[in-house]
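Structure first, commentary second.
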Amino acid sequence: MKKTLLATLSVVLASSAIAQIKYVDEVLTADKIKVTKNVSYGDNYTVLTGTPTLASKVAMAPGYGFVAMTADIYEPQDGASNRPLIIFTHSGSFLPRYSNNSPVGYKDDSATAAFCMSLAKRGYVVASMTYRMGWNPAAATVDARKQGIINAAYKGVQDLATCVRFMKKSVKEGGNPYNIDTTKIAVGGNGTGGYITSAYASIDRQSEIKSIKFRDASTGKVMVNDTMWGDRFGIGVDNPAMGMFCKSNHVGYTSNARLAFAVGGAIGDSAWMEAGEIPLIWSHSVMDPFAPYTTGMVNVPGTSLQVVEVSGGFDAMARCQRLGNTAPYKGKVMDVYTTEANKLNKGIDGLFPIAGLANASGPYEWYDTTAIKSLPSPPYNPPVILAGIKASNPMWSKTKAMKYVDSVMGYMAPRIAVTLGLVSSVGIVESNLASNVTLAPNPAKNQLIIHNNWENRVLTGATLVDLNGRVVREFNVNGIHNVYELNVPAGIYVVQMQFNDGVGSSKLMVD
């Protein structure tokens, strides 16, 4: 049995007698997941110095670097093809790990890797991507800090779109090396990655990046110069001599996905959210000191410097639901995670609040204290780094952090699966799917036939359970007609059945 920490911090036991549903539950173990590191999905200009550069580009673009962008690909080794894809973005305040006074900020962060592995165990191909970073959190004015962070976020959105196009191109031109279905793509991220994915989901018109909120207060000038940096998809004119810095990667492929989710973070401007956009799912710590759960100012970590007002999970998901954008999954999932979340989320389906301690923005993160203490100072400041991560997760332990990972994914995964059309619902008793499956003979003796009469549903598994809920026998299902030797004591049993889009059960008598 597996202990899982839920939104209200209560511990529940997930019964092993419950059938596992692919894409909803972890159906694979870690040894069945292949991880390919540092797959290049594109390259582009960056404002950071000290990054890998191409001399010819930098010579024409003084002050800018040119960086390769990579992803770690998590592939289930289950023999499946046409698998759904999730592209995941990490945390880090749009600054490199450790330089941001935190041990997070890369695609292999503890929580990022755990979220990706959890999704891969459910059957998804997952790409954990890097993105361009860099801004000046110590700039002298609020407008300067706001301009820095919105440009960093904008480049993150561009890079996410680039990664989507790369994966689509790999199917069309690369022989589909990762066996993905490009009609079933979701994007997600934790912390700073949540800023990127929520903006990606909501900025569906180029004009939105030029909203009043992101204009200089004194001059009215837009803070994001898309003539210089390219459009929201990362496509533009690559001409450094003319002051245009955009490497257009994988032109000709679309940049769209069907769903976005965020674990922490916030949306830069809730006005970006409009009816008809892709749905969001959000998990957020109610007492998050860095990204407000409702709407409030973001401060530079470790200082009182203000950056910009943003909307966190509660306000963003309330708006998403009012606009009707949660409709693809709303009311289609009812499980223990939903029951617990509904105690706190005020009826907002798709919002999983974490009601932990104050100053707990990342309870799903853990870190290596010894490794941090061994960092050179300068350029790093290990005591400040340790203080920063303790503010994010004061009750740190890997064991507890993984319970939060399990609970967040336990809530999100069913909604991801429903939105992508992988299952129709989870835990919703619309009909007993087993009603169209024949058990014969019934009563049975030593032999049982299970025959699936559905033409449009695949029976993927069946389990024999006694009246005390104990699993007596698991049946391997192969095709529509299966014959089994029983060899069980006489009595009354329940045959629990798992289909590709739901569950069902039938009573079985054994003489």
Side-chain angles (χ1 to χ4, degrees), residues 7-8 150 153 157 160 186-191 193-214 232 256-288 291-298 308-335 337-355 408 411-421 424-428:
T8 58
I150 188 58
V157 171
L160 177 53
V187 300
N190 68 302
Y195 284 85
I196 294 173
T197 55
S198 60
Y200 166 93
S202 305
I203 301 175
D204 58 353
R205 290 176 288 110
Q206 193 62 32
S207 60
E208 289 183 295
I209 202 61
K210 301 177 182 181
S211 63
I212 295 296
K213 182 173 183 176
F214 291 106
R232 66 192 187 279
N256 58 297
R258 289 177 57 179
L259 166 74
F261 63 90
V263 185
I267 186 167
D269 189 349
S270 61
W272 291 337
M273 303 175 68
E274 299 171 321
E277 294 169 345
I278 65 174
L280 284 166
I281 308 170
W282 213 304
S283 175
H284 203 150
S285 296
V286 176
M287 305 295 286
D288 190 333
Y293 179 62
T294 53
T295 295
M297 292 296 296
V298 172
V308 64
E309 185 181 76
V310 297
S311 294
F314 181 84
D315 282 1
M317 288 307 303
R319 182 174 175 86
C320 188
Q321 182 162 283
R322 286 196 304 271
L323 293 169
N325 293 345
T326 61
Y329 62 75
K330 182 175 171 56
K332 297 178 182 177
V333 180
M334 182 51 64
D335 55 11
Y337 302 99
T338 300
T339 301
E340 292 298 311
N342 287 350
K343 296 176 182 177
L344 294 175
N345 64 17
K346 300 187 184 300
I348 304 172
D349 200 347
L351 175 63
F352 186 77
I354 298 176
V408 169
Y411 182 84
M412 288 190 167
R415 288 163 175 80
I416 295 171
V418 169
T419 302
L420 294 182
S424 59
S425 63
V426 176
I428 303 297

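Throughout, residue positions are numbered sequentially from 1 according to the sequence presented. Computed from a prediction, not measured in an experiment: that's the story for all the values here.
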Polar side-chain atom of Ser198 near backbone of Tyr195 as donor-acceptor pair, under 3.5 Å: yes
Listed partners of Asn342 passing side-chain contact (heavy atoms from CB on, under 4.5 Å), at least two apart: Met334, Thr338, Asn345
Nearest heavy atoms of Gly265 and Ala291, plus distance in Å: O-CB, 3.6 Å
Lys213 side-chain N/O to Val308 backbone N/O, donor-acceptor pair under 3.5 Å: no
Test log, rule side chain to side chain contact (heavy atoms under 4.5 Å, CB included), inputs Ile203 and Ile209: CA-CA 7 Å; Ile203 301 175; Ile209 202 61; 4.0 Å; yes
Side-chain heavy-atom pair Gln321, Asp349 within 4.5 angstrom cut-off: yes
Note, Pro279 side chain near Leu259 side chain (heavy atom, < 4.5 Å): yes
Expected list for residues 269-276: side-chain donor-acceptor pairs under 3.5 angstrom, two or more places apart:
from	atom 1	to	atom 2	distance (Å)
Asp269	OD1	Ala271	N	3.0
Asp269	OD2	Ser211	OG	3.4
Trp272	NE1	Glu208	O	3.1
Glu274	OE1	Arg205	NH2	3.2
Glu274	OE2	Arg205	NH2	2.5

Distance (rounded to the nearest 0.5 Å) between Leu323 CG and Glu277 CD: 7.5 Å
Name of the residue among Tyr329, Phe352, Tyr337 meeting ring-ring contact (aromatic ring centres under 6.0 Å, His included) with Tyr411: Phe352
Residue pair Asn325 / Arg319, side-chain heavy-atom distance below 4.5 Å: no
All side-chain hydrogen bond (donor to acceptor under 3.5 Å, both in side chains) counterparts of Gln206, not counting sequence neighbours: Tyr154, Asp226, Arg232
Heavy-atom check, side chain of Ile416 versus side chain of Leu420, under 4.5 Å: yes
Identified side chain to side chain contact (heavy atoms under 4.5 Å, CB included) counterpart of Arg415 within the set Thr326, Val426, Ile281: Ile281
Minimum heavy-atom distance Trp282-Ala316, with the two atoms named: CZ3-CB, 3.5 Å
Contacts of Asp204 that satisfy side-chain hydrogen bond (donor to acceptor under 3.5 Å, both in side chains) - sequence neighbours left out: none
Considering all heavy atoms, the nearest Pro414-Asp335 contact: CG-OD2, 3.8 Å
Minimum heavy-atom distance between Pro328 and Val418, given as atom pair plus value: O-CG1, 3.5 Å
Test log, rule side chain to side chain contact (heavy atoms under 4.5 Å, CB included), inputs Met317 and Leu280: CA-CA 7 Å; Met317 288 307 303; Leu280 284 166; 3.8 Å; yes
Partners meeting ring pair (Phe, Tyr, Trp, His ring centres under 6.0 Å) with Tyr200 (sequence neighbours left out): none
Distance (rounded to the nearest 0.5 Å) between Ile278 CD1 and Thr197 OG1: 9.0 Å
Student check: side-chain heavy atoms of Ser283 and Met412 closer than 4.5 Å: yes
Results of side-chain contact (heavy atoms from CB on, under 4.5 Å) for Asp315 - residues two or more places apart only: Thr294, Thr295, Ser311
Aromatic plane relationship, His284 with Tyr293 - under 30° parallel, 30 to 60° tilted, over 60° perpendicular: perpendicular
Side-chain heavy-atom pair Val187, Leu160 within 4.5 angstrom cut-off: yes
